[in-house]
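In what follows, a single structure is set out as structure tokens and then discussed.
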2 protein chains.
Amino acid sequence: MLSQTEENYLKALFHLTEEYADKPEAGTNELAAMLNVKPATANDMLKKLKEKKLIHYEKYGKISLTSLGKKQAIDIVRKHRLWETFLYEKLEFTWDEVHEVAEQLEHIHSPKLIEKLEKFLGYPLIDPHGDAIPNAKGELKLQARKTLSQIAVGKTCKLVAVRDNSATFLQYVVSVGLGLSSKIKVLNRQEFDGTMEIEVNGKKSSVSERFANNIFVA
Amino acid sequence: MLSQTEENYLKALFHLTEEYADKPEAGTNELAAMLNVKPATANDMLKKLKEKKLIHYEKYGKISLTSLGKKQAIDIVRKHRLWETFLYEKLEFTWDEVHEVAEQLEHIHSPKLIEKLEKFLGYPLIDPHGDAIPNAKGELKLQARKTLSQIAVGKTCKLVAVRDNSATFLQYVVSVGLGLSSKIKVLNRQEFDGTMEIEVNGKKSSVSERFANNIFVA
DNA sequence: TATATTTGTTAGACTAACCTAACTTTATAT
DNA sequence: ATATAAAGTTAGGTTAGTCTAACAAATATA
Ligand SMILES: [Mn+2]
Ligand SMILES: [Mn+2]
Ligand SMILES: [Mn+2]
Ligand SMILES: [Mn+2]
């Protein structure tokens, strides 16, 4: 059985190389950064994960998940998102509070628990952040998503998900009037730095390109 | 913040010395046995827990919880029993399945989670095994309980709780027709080894003294 | 009370997960 | 093509939690 730490490494690799991936392989440094450890620490773990046939990896080479590693990673993601949904739907947690607790709950080992939880929640398809919830077989539709930064001036779009799950970011999102399914009108974009003028429910705001890169729309 | 391991030691000490305690102090060996570690391991932890002012302990002396240690222990017990109740009431887990998963869930750190969970469950007072659930202040009524082995021949009593939470024991309990609130009539007792003849819902069974010691009745 | 048994402690070793400091390889920019 | 910078690795060390083997103290027994 995998340790919590090993599970966290697989999940991070999944996010870096599979889900919303710009590229299909990851590097030691970015992986370490995502997990808040030093590259030397990540390097130790890479050797162990390779030994367990969970990742493809050669010294000085790029990293990717094996099909076994991917299966494990998706299982953690599934648990994470089902727990987030539980906290949000049943326990009155807010958007920005669910992620942190789900980081702990995702490591509870009990197949029965997660099956029953899924049933209890009515087989939800997306979590409170708009992310797809993998089914029991590990199937997951990777929605092709545009970011707000890619929307042309004058167009209107709908918020379908957020990339960053941190409380800081989500509270900021809420403060400009946004939530899942919000309609966003793009009023203007500065060529210089990508800063955008947007309108949500009649309220106008100015957001940075970095902000817009973290909002997925359709 | 306490580690999961430290939490498990405090909980074990609580069970040994506070709840249903024959005696108010514990020894290294029985503590180690309860946690499935070697006495040498437990000894190391005792030094650490003493350092953190969670237990009273002197070399070669007996062990007991400080008020701080007791407070922490009760908090774990509270979480354990609320989670057991959740699994039983909301997720269709059976009597004998809840304990093992609750052993993991009890270590999730989030005061908000446990408050909301308690509310969601309707502020339950007892868990699926009949054990009292401490409230948010750490208050817990320690019911004075008799065991089935103490009931006189000819008398009838009601099962209010079980001492052993293991799946093996609970499945045995179910197999003789027993559950929470079952009426038990004591038909006979062998002087030699305490073996008892009992009747539950018209069904007669013979149970050992050890079995009867693990059934709490009123 | 002397001896045997039980209980508890210490010393030394191991693994997982982390670190820093030094080094090597690969990539980038003159 | 070289020099610098970035990325990645290695060596050696720490802490938590575990173990075995040897020892010491306390308790029970003859
Ligand atoms: Mn999340
Ligand atoms: Mn999410
Ligand atoms: Mn239990
Ligand atoms: Mn219980």
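Both backbone and side-chain heavy atoms feed into the values below; hydrogens, waters and symmetry mates do not. Chain letters run A, B, ... following the sequence lines, proteins first and then strands; every chain starts at 1. Note that the structure is predicted; figures quoted are calculated from it, not measured.
E30(B) has its CD atom 14 Å from the P atom of dT27(D), to the nearest Å. One atom, CG of N29(B), and another, P of dA26(D), lie 15 Å apart when rounded to the nearest Å. Here dT15(C) presents its P atom at 22 Å from CD of Q4(A), a figure rounded to the nearest Å. In this structure, the CD atom of E25(B) is 15 Å from the C1' atom of dA26(D), given to the nearest Å.
Proximity of residues 49-65 of chain A to DNA chain D (heavy atom under 4.0 angstrom from any strand atom) is restricted to Y57(A), K59(A), Y60(A), K62(A). Applying a 4.0 Å cut-off to non-hydrogen atoms, the residues of residues 35-46 of chain A that approach DNA chain D are P39(A), A40(A), N43(A), listed by residue number.
Checking the phosphate oxygens (OP1, OP2) of dT9(C), a side-chain nitrogen or oxygen of T28(B) falls inside 4.0 Å. Listed pair K47(A) / dT9(D) fails the phosphate criterion, with no side-chain N or O lying under 4.0 Å from OP1 or OP2.
Scanning for salt bridge (Lys or Arg N to Asp or Glu O under 4.0 Å) contacts around K90(B) gives an empty result, with sequence neighbours left out. Partners of R145(B) according to the salt bridge (Lys or Arg N to Asp or Glu O under 4.0 Å) rule, which considers only residues two or more places apart in sequence or in another chain, are D131(B). Every residue two or more places apart in sequence or in another chain that forms a side-chain contact (heavy atoms from CB on, under 4.5 Å) with Y123(A) is listed here: E118(A), K119(A). Applying the salt bridge (Lys or Arg N to Asp or Glu O under 4.0 Å) rule to K23(A) yields the partners E30(A); only residues at least two apart in sequence or on another chain are considered.
Ring planes of Y172(A) and F211(A): perpendicular class, angle over 60° (limits at 30 and 60°).
For K52(B), the NZ atom counts as densely surrounded, since its 6.0 Å shell holds more than 12 non-hydrogen atoms of other residues, nucleotides or ligands.
Side chains of T85(B) and D127(B): a donor-acceptor N/O pair is absent below 3.5 angstrom, by distance only. Side chains of H99(B) and H80(B): a donor-acceptor N/O pair is present below 3.5 angstrom, by distance only.
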